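Each chain gets a letter, A, B and so on, in the order the sequences are listed, and its residues count up from 1. Since this is a predicted model, take the numbers as computed values, not measurements. Any value given below was found using the heavy atoms of this structure, including those in side chains, with hydrogens, waters and symmetry copies removed.
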Number of protein chains: 2
Amino acid sequence: MADLLRSHDINPTHQRIEIAHALFSRQEHLSADQVMAFVNTRHSETSKATVYNTLKLFVEKGLVRELIVDPSKVFYDPNTHPHHHLYEIDTGKLSDIGAEYMQVSGLPPLPAGTVIEGIDLIVRVRRAS
Amino acid sequence: MADLLRSHDINPTHQRIEIAHALFSRQEHLSADQVMAFVNTRHSETSKATVYNTLKLFVEKGLVRELIVDPSKVFYDPNTHPHHHLYEIDTGKLSDIGAEYMQVSGLPPLPAGTVIEGIDLIVRVRRAS
DNA sequence: CCAGACATTAGACAATGTCTAAATCCACGC
DNA sequence: GCGTGGATTTAGACATTGTCTAATGTCTGG
C-alpha cells in the first residue's frame, strides 16, 4: 500500500495508508464519513480534517475518482479505469457499470481555454412502484 | 404561467408562479438560493422553506429536472427534453449540450424491481493550466 | 541533535437543505 | 357575509457535510 502511494507521488504516512486501505481493500464507493468510520473502528486514530485532506489529495494525484451523484455527499471510487455508475436513489447504493455495457460517443464544443476533466455517466434507478 | 402549473397538476399559488417565472423566463440552470434571490429582489416575498418545497414539488411533477453536478448544491433545469450538460468546475457555470453532440448507447442490467429514473451525462471541464 | 518542512489535529465556522408547529390563505357550503 | 377545513406558507431551530485556522506533532537531512 505504501508503494501504491509512493508511485502516485504521495508521502505514505500512517493515516494515509489507513485511508488508502479502507478504499482499496473493499473495492467499494465510500463517502468521507464512511471512510472515517472504517479508519476509526478500533480506536480513534484519524481526524476529520485529515480524512478530508487526504481524500482531496488522492483525487489530485489520480489515485481515486470523485463521484458527484448524491445531492448530500461525495463518493470516492478506487477504480479509475473508464466505467460508468448506477445509483439506486432509494437506498443510496452505488455500483459500477462496465464500459462494455454503455458507450458514449461524440464531444461537444468546449469553451475556449478549457480542457476535459472527466465525463460522468450516471444511470439513476428507483424502486418500481 | 398559471396554466403551465395547472397542466402539471400543480395548484398555482402566488409563490409558485413567482418561482416558475424565475426558472422559465431566463432559460437557465438555477440553484435554490439563486431562485430565492431572484424571487425576493424587490421585496421579501417567499421564504426559504417555500422555495425548497416548491422546487421539490416541481421535480416530482416533472416540470423541471434536478441536476446533481456540483458537490455543494443542486441545480434545477427548466428544460426537460433529452440533453446533456457541461460543467465548468472553476466558475461553476453549467450549460446545455444538445442531444445531437453526444449520444449514449446501451443499457446495463438493472437491479431487480427497479426502473430508470434518469440518465445523466456530464462533461466536466476546467481551465487549461 | 537541530532546523525546517510537512502532516495532523480539535474545534470553530460556513453552506445547504430539512423539519416542525403555528399562522395564513382560499374555496366552499350555508 | 361567515365559518370550516384542507392546503400552503412561514420563521427559525436543527442536521449534515465540508472548510478553515492556528497550534501541535513528526520526520529527515545534515
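Between Met36(A) and Lys48(A), the closest side-chain pair of non-hydrogen atoms falls below 4.5 Å. Side chains of Leu4(B) and Ile10(B) form no contact here, defined as non-hydrogen atoms less than 4.5 Å apart. Put simply, the side chain of Leu5(A) reaches to within 4.5 Å of the side chain of Phe58(A), judged on heavy atoms. With a 4.5 Å cut-off on side-chain heavy atoms, Leu55(A) and Leu23(A) count as touching.
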**Item:** Chi angles and distances behind the side-chain contact (heavy atoms from CB on, under 4.5 Å) call for Val64(A), Phe24(A)
**Value:** CA-CA 9 Å; Val64(A) 302; Phe24(A) 286 93; 4.0 Å; yes
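End-to-end axis angle of the helix from dC1(C)-dG30(D) to dC30(C)-dG1(D), from C1' rotation axes over five pairs per end: 10° (rounded to 10 degrees).
Residues from residues 16-29 of chain B with heavy atoms under 4.0 angstrom of DNA chain C: there are none. Applying a 4.0 Å cut-off to non-hydrogen atoms, the residues of residues 7-15 of chain B that approach DNA chain D are Asn11(B), Thr13(B), Gln15(B), listed by residue number. At a non-hydrogen distance threshold of 4.0 Å, Ser47(A), Lys48(A), Ala49(A), Thr50(A), Asn53(A) from residues 47-68 of chain A come into contact with DNA chain C.
The side-chain hydrogen bond (donor to acceptor under 3.5 Å, both in side chains) contacts involving residues 17-28 of chain A comprise nothing, where partners must be two or more places apart or lie in separate chains. Residues in residues 54-64 of chain B take part in these salt bridge (Lys or Arg N to Asp or Glu O under 4.0 Å) pairs, two or more places apart or across chains: Asp9(B)-Lys61(B).
With hydrophobic clusters built from ILVMFWY side chains whose heavy atoms lie under 4.5 angstrom apart, Leu86(A) shares a cluster with Val104(B). Hydrophobic clustering of Ile, Leu, Val, Met, Phe, Trp and Tyr side chains at less than 4.5 Å, counting indirect connections, keeps Val59(B) apart from Ile89(A). Each of Leu94(A) and Val35(A) belongs to its own hydrophobic cluster when Ile, Leu, Val, Met, Phe, Trp and Tyr are linked at side-chain heavy-atom distances under 4.5 angstrom.
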Distances for protein N or O near nucleotides 26-29 of chain C N or O, under 3.5 Å:
none

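The CD1 atom of Ile17(B) sits 11.5 Å away from atom OG1 of Thr54(B), with the distance rounded to the nearest 0.5 Å. Going from atom CD of Gln15(B) over to atom OG1 of Thr50(B) covers 6.0 Å, rounded to the nearest 0.5 Å.
Hydrophobic cluster of Tyr52(A): no remaining members, since no ILVMFWY side chain lies below 4.5 Å from it. Ile68(B) shares a hydrophobic cluster with Ile68(A); the chain of contacts runs through ILVMFWY side chains whose heavy atoms sit under 4.5 Å apart.
Toward the 5' end of DNA chain D, the nearer of the two residues Pro71(B) and Thr46(B), judged by each one's closest nucleotide, is Thr46(B).
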Name the atoms and distances for all side-chain donor-acceptor pairs under 3.5 Å in residues 71-81 of chain A, with sequence neighbours left out.
unit_1: Ser72(A); atom_1: OG; unit_2: Asp70(A); atom_2: OD1; d: 2.8
unit_1: Asp77(A); atom_1: OD1; unit_2: Asn79(A); atom_2: N; d: 2.8
unit_1: Asp77(A); atom_1: OD2; unit_2: His29(A); atom_2: NE2; d: 3.4
unit_1: Asp77(A); atom_1: OD2; unit_2: His83(A); atom_2: NE2; d: 2.9
unit_1: Asp77(A); atom_1: OD2; unit_2: His85(A); atom_2: NE2; d: 2.8
unit_1: Asn79(A); atom_1: OD1; unit_2: His81(A); atom_2: N; d: 2.8
unit_1: Asn79(A); atom_1: OD1; unit_2: His81(A); atom_2: ND1; d: 3.3

What donor-acceptor contacts under 3.5 angstrom involve side-chain atoms of residues 113-127 of chain A, with partners at least two apart or in another chain?
unit_1: Thr114(A); atom_1: OG1; unit_2: Pro111(A); atom_2: O; d: 2.7
unit_1: Glu117(A); atom_1: OE1; unit_2: Arg126(B); atom_2: NE; d: 2.3
unit_1: Asp120(A); atom_1: OD2; unit_2: Arg124(B); atom_2: NE; d: 3.0
unit_1: Asp120(A); atom_1: OD2; unit_2: Arg124(B); atom_2: NH2; d: 3.1
unit_1: Arg124(A); atom_1: NE; unit_2: Asp120(B); atom_2: OD2; d: 3.0
unit_1: Arg124(A); atom_1: NH1; unit_2: Val69(A); atom_2: O; d: 2.9
unit_1: Arg124(A); atom_1: NH2; unit_2: Asp120(B); atom_2: OD2; d: 3.1
unit_1: Arg126(A); atom_1: NE; unit_2: Glu117(B); atom_2: OE1; d: 2.3

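Nearest approach of Pro82(B) to Ala99(B), heavy atoms of both residues: O-CB, 3.6 Å.
First and last contacting nucleotides of DNA chain D toward chain A (any atom under 4.0 angstrom from a heavy atom, 5' to 3' order): dT17(D) to dC20(D).
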